[in-house]
Amino acid sequence: MSEEIQGWRDIIQQNGKRVQPQLTIPKSIADLADKEAFADSHTKFKIFIERYELNRLDRHLNLYCCTEEGRETVFAYMNPSTRDLVKVVEG
């Protein structure tokens, strides 16, 4: 898990209270990410990372992941341990 994502987890879990997610991802991108692999959440994350590294993601998803912010947001969304940090929004 990247230091940035861990920092977000720490902020959200301050004083044992959960606050609203700080990251957002468009529903269209979340849907594309979810379609990348049909498996349990941990395996799906590993498959997603592998497909990303091999440059085999859907074209639109790959374009979204071109920026560091987009990539980290999608990784946080796909990772079962940080998925609750990402809010899916219309778009």
Side-chain angles (χ1 to χ4, degrees):
M1 179 179 338
S2 76
E3 290 179 27
E4 187 175 2
I5 291 173
Q6 183 58 47
W8 292 328
R9 269 192 101 66
D10 294 343
I11 290 168
I12 288 175
Q13 294 179 351
Q14 283 179 1
N15 301 322
K17 297 179 185 177
R18 295 184 82 69
V19 296
Q20 293 298 319
Q22 302 295 308
L23 299 171
T24 60
I25 188 171
K27 184 176 181 347
S28 60
I29 297 297
D31 289 345
L32 289 172
D34 285 333
K35 289 179 184 176
E36 284 296 321
F38 297 100
D40 64 85
S41 56
H42 291 283
T43 304
K44 183 182 257 190
F45 179 61
K46 290 177 186 176
I47 291 170
F48 180 84
I49 296 296
E50 180 180 296
R51 290 180 59 83
Y52 170 77
E53 290 172 348
L54 294 172
N55 199 26
R56 297 210 173 162
L57 296 177
D58 173 89
R59 182 174 54 94
H60 298 290
L61 186 57
N62 196 40
L63 285 173
Y64 190 82
C65 289
C66 281
T67 66
E68 185 175 349
E69 181 181 346
R71 184 174 50 255
E72 290 291 327
T73 301
V74 173
F75 287 1
Y77 175 76
M78 292 301 293
N79 189 334
S81 64
T82 56
R83 189 175 189 130
D84 60 332
L85 302 176
V86 184
K87 180 179 180 179
V88 177
V89 297
E90 288 304 313

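Taking each heavy atom of Ala76 and Val86 in turn, the nearest pair found is CB-CG2, 3.7 Å. Residues Ile29 and His60 come closest through the heavy atom pair CD1-O, 4.2 Å.
Scanning for side-chain hydrogen bond (donor to acceptor under 3.5 Å, both in side chains) contacts around Lys27 gives Asp31, with sequence neighbours left out. Every residue two or more places apart in sequence or in another chain that forms a side chain to side chain contact (heavy atoms under 4.5 Å, CB included) with Ser41 is listed here: Pro80. Partners of Glu69 by side chain to side chain contact (heavy atoms under 4.5 Å, CB included), not counting sequence neighbours, listed by chain and number: Thr67, Thr73. By the side chain to side chain contact (heavy atoms under 4.5 Å, CB included) test, Asn55 is found to be paired with Asn62, residues two or more places apart in sequence or in another chain being considered. Legend: residues meeting side-chain hydrogen bond (donor to acceptor under 3.5 Å, both in side chains) with Ser28, ordered by chain and number and at least two apart, are absent. Judged as a salt bridge (charged side-chain N to carboxylate O under 4.0 Å, His left out), and not counting sequence neighbours, the contacts of Arg51 are Glu36. Taking Phe45 as the reference, nothing meets the ring-ring contact (aromatic ring centres under 6.0 Å, His included) condition, with sequence neighbours excluded.
We find the CG-CD distance between Leu57 and Glu50 to be 11.0 Å, quoted to the nearest 0.5 Å. Rounded to the nearest 0.5 angstrom, Asp40 CG and Thr43 OG1 are separated by 3.5 Å. For the atom pair NZ of Lys44 and NZ of Lys35, the computed distance is 11.0 Å after rounding to the nearest 0.5 Å.
Hydrophobic clustering keeps Val89 apart from Leu61 (ILVMFWY residues linked when any side-chain heavy atoms are closer than 4.5 Å, directly or through intermediates). Both Ile49 and Leu23 are assigned to one and the same hydrophobic cluster, defined by single-linkage of ILVMFWY side chains at heavy-atom distances under 4.5 Å. Hydrophobic clustering, with ILVMFWY side chains joined whenever heavy atoms are under 4.5 angstrom apart, keeps Ile47 apart from Tyr64.
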inquiry  = Before you tell me yes or no, could you show the steps for Met78 and Asp34 under side chain to side chain contact (heavy atoms under 4.5 Å, CB included), namely the whole-Å CA-CA distance, both residues' side-chain angles and the distance that decides it to 0.1 Å?
reply    = CA-CA 8 Å; Met78 292 301 293; Asp34 285 333; 4.2 Å; yes
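Taking 4.5 Å as the limit, every side-chain heavy atom of Val74 sits out of range of all side-chain heavy atoms of Tyr52.
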